[in-house]
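Accompanying notes for the structure given below.
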Amino acid sequence: MSVYQADAIVIRSREYGESDRLLTLFSREQGKLQAIAKGVRKPKSRQRAGAQLFTYADYLLHKGHTLDTVNEASPRESFPHLWNDFERSLAATGMAELLDVATLPGQPHPELFTLTLTGFFLLEHYSPFLIQGAYALRLLHILGYHPRLENCAECGAKVEGSRIFFSPAAGGIVCSHCRGAYSGRWVAAGSLAFMRQLLYRDMDKLDRLRWNSSLRDEVLAATEFYCEQKFERRLRSWQMRNLGCGRESDYGSESDKQH
Amino acid sequence: MNFLSYPRPLADLITALSRLPGIGPKTAGRLAFYLLQEPEAAEALAQSIRAAKEEIRQCSLCCNFTDSDPCALCQSDQRDHSLLCVVEQPRDVAALEKTGEYKGLYHVLHGTLSPMEGIGPDQLRIKELLGRLEGVKEVVMAVNPTVEGETTALYLSRLLKPMGILVTRIAHGLPVGGDLEYADEVTIARALEGRRQL
């Protein structure tokens, strides 16, 4: 099959050669794949819109020896809110980078595709870093890396205390008896309770959750730590979230109306 | 490509040429043989590369490439020093200058914010921009209309607005000679936003 279709989201778009872009697409049917979009940096290119980061489009791709080529791209959604708002763009970048790091080419994950698309749509109205945190925890769940946040990941006992030991190597929180040689970090019980809400609450009801900057920082730092340890890769965009974190208060339900 | 059959200096030349953007091993080989057959062209090219390497540096004000510091544009009395245009790359300055429409000064960032690639504000010439704002009334963002370009423009506008500087963005819309039918929704929406009275 030299030509095939893909219903996909652009999760990475890099300049390539004189006027091309190298796209990393996450498609519903084929999972992650890479393709060259030729000439898309020229103003008159017809495929330009389909080569932009975060675009959701129908692609017609041509299979190549080393890289596939984009023959046609019909954008379905360009997510303009991810272009116009710094925090939303930063959160979407964090989600796209995590998806790229966590998946291998050619392995379809339709559930993950739907989650990503839902996340990008919800970023229009919901607090961006809330969606980013919920997305990361749900991605871990779908890929089988679900962190145990209720009971000890080792013995299943109830874990109590104001600060609880959280270890990616153990697969979640661990009690004082099982902690042993596990590496990890201490996380406030309130932050873990918030992470449970991010994981289990319906995505469209996440806007009812409220957090302050210290809770947000700890939840995102613990989630980032867990993901980096599990996938053994640094999440560079997550480390830059502080560039935009100063304005999280603007994204409460009341002030959402401004955006 | 296997260059082992070539003498070492020739193989090294082909390898060096193939590292240039847009040049593959085959083209590099063709260029290398041409340079060997045309010694005068080779000598002139070598001198130009050496001269550019030794004489061209970054302007301490606008960070554009220049052979004099400050560059001719930054020193010019003919330019409007209260107007500053922020661009991504030195070649963008040439593109804007070609229009002959802009009379202010420039500032070259040498890239855009790209959190996924680990490029943050420290990797760009943002500190230099913040250090040259005395007397500047308007900053025009002329970065590329990509997600990274927009993110950079939003970040800079957040830094500059509290200083009382007017921050503007060059218009987005349909390219001259373009076809509305093939334009994407973001471009058409921006073109509508930026419509003008006739």
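Lettering of chains follows the sequences in order, A, B, ..., and the numbering in each one begins at 1.
The greatest number of non-hydrogen atom pairs below 4.5 Å with chain A, out of B/Thr151, B/Thr152, B/Asn144, B/Leu174, is found for B/Thr151. Most heavy-atom pairs under 4.5 Å with chain A, from the set B/Ile119, B/Thr146, B/Leu113: that is B/Thr146. Interface summary for chain B: among A/Arg48, A/Arg234, A/Glu77, the most heavy-atom pairs under 4.5 angstrom belong to A/Glu77. The most heavy-atom pairs under 4.5 Å with chain A, out of B/Ala153, B/Gly149, B/Pro145, come from B/Pro145.
Heavy atoms of B/Pro115 lying under 4.5 Å from chain A belong to its backbone as well as its side chain. Proximity to chain A is absent for every atom of B/Glu181, based on heavy atoms less than 4.5 angstrom apart. Proximity to chain B (any heavy atom under 4.5 Å) is shown, for A/Thr55, by neither the backbone nor the side chain. Heavy atoms closer than 4.5 Å to chain B are found in the side chain of A/Ser89, but not in its backbone. Heavy atoms closer than 4.5 Å to chain B are found in the side chain of A/Gln52, but not in its backbone. If you measure heavy-atom distances from A/Leu98 to chain B, you find no contacts under 4.5 Å at all. Residue contact with chain A, scored on non-hydrogen atoms closer than 4.5 Å, is absent for B/Ser157. Interface residue A/Arg21: only side-chain heavy atoms are found under 4.5 Å from chain B. Looking at A/Asp100, there are no atoms closer than 4.5 Å to chain B (heavy atoms on both sides), in backbone or side chain.
Here A/Ser214 pairs with A/Asn212 under the side chain to side chain contact (heavy atoms under 4.5 Å, CB included) rule; sequence neighbours left out.
The shortest side-chain heavy-atom distance between A/Tyr135 and A/Thr118 does not fall under the 4.5 Å cut-off. Between A/Leu143 and A/Phe231, the closest side-chain pair of non-hydrogen atoms falls below 4.5 Å.
A/Phe26 and A/Phe113 have parallel rings, their planes meeting at less than 30° on a 0 to 90° scale where 60° marks the start of perpendicular.
Seen from the ring of A/Phe129, A/Arg241 does not count as a face-on cation partner, given the 6.0 Å and 45° thresholds.
A salt bridge links B/Glu117 with A/Arg12: the closest approach of a Lys/Arg side-chain nitrogen to an acidic carboxylate oxygen falls below 4.0 angstrom. The existence of a salt bridge linking A/Glu87 and B/Arg158 is confirmed by a sub-4.0 Å separation between a basic side-chain nitrogen and an acidic carboxylate oxygen. With respect to B/Arg79 and B/Glu97, a salt bridge is recorded, a charged nitrogen being found less than 4.0 Å from a carboxylate O.
Side-chain rings of A/Phe54 and A/Phe79 stay apart, their centers remaining 6.0 Å or farther from each other.
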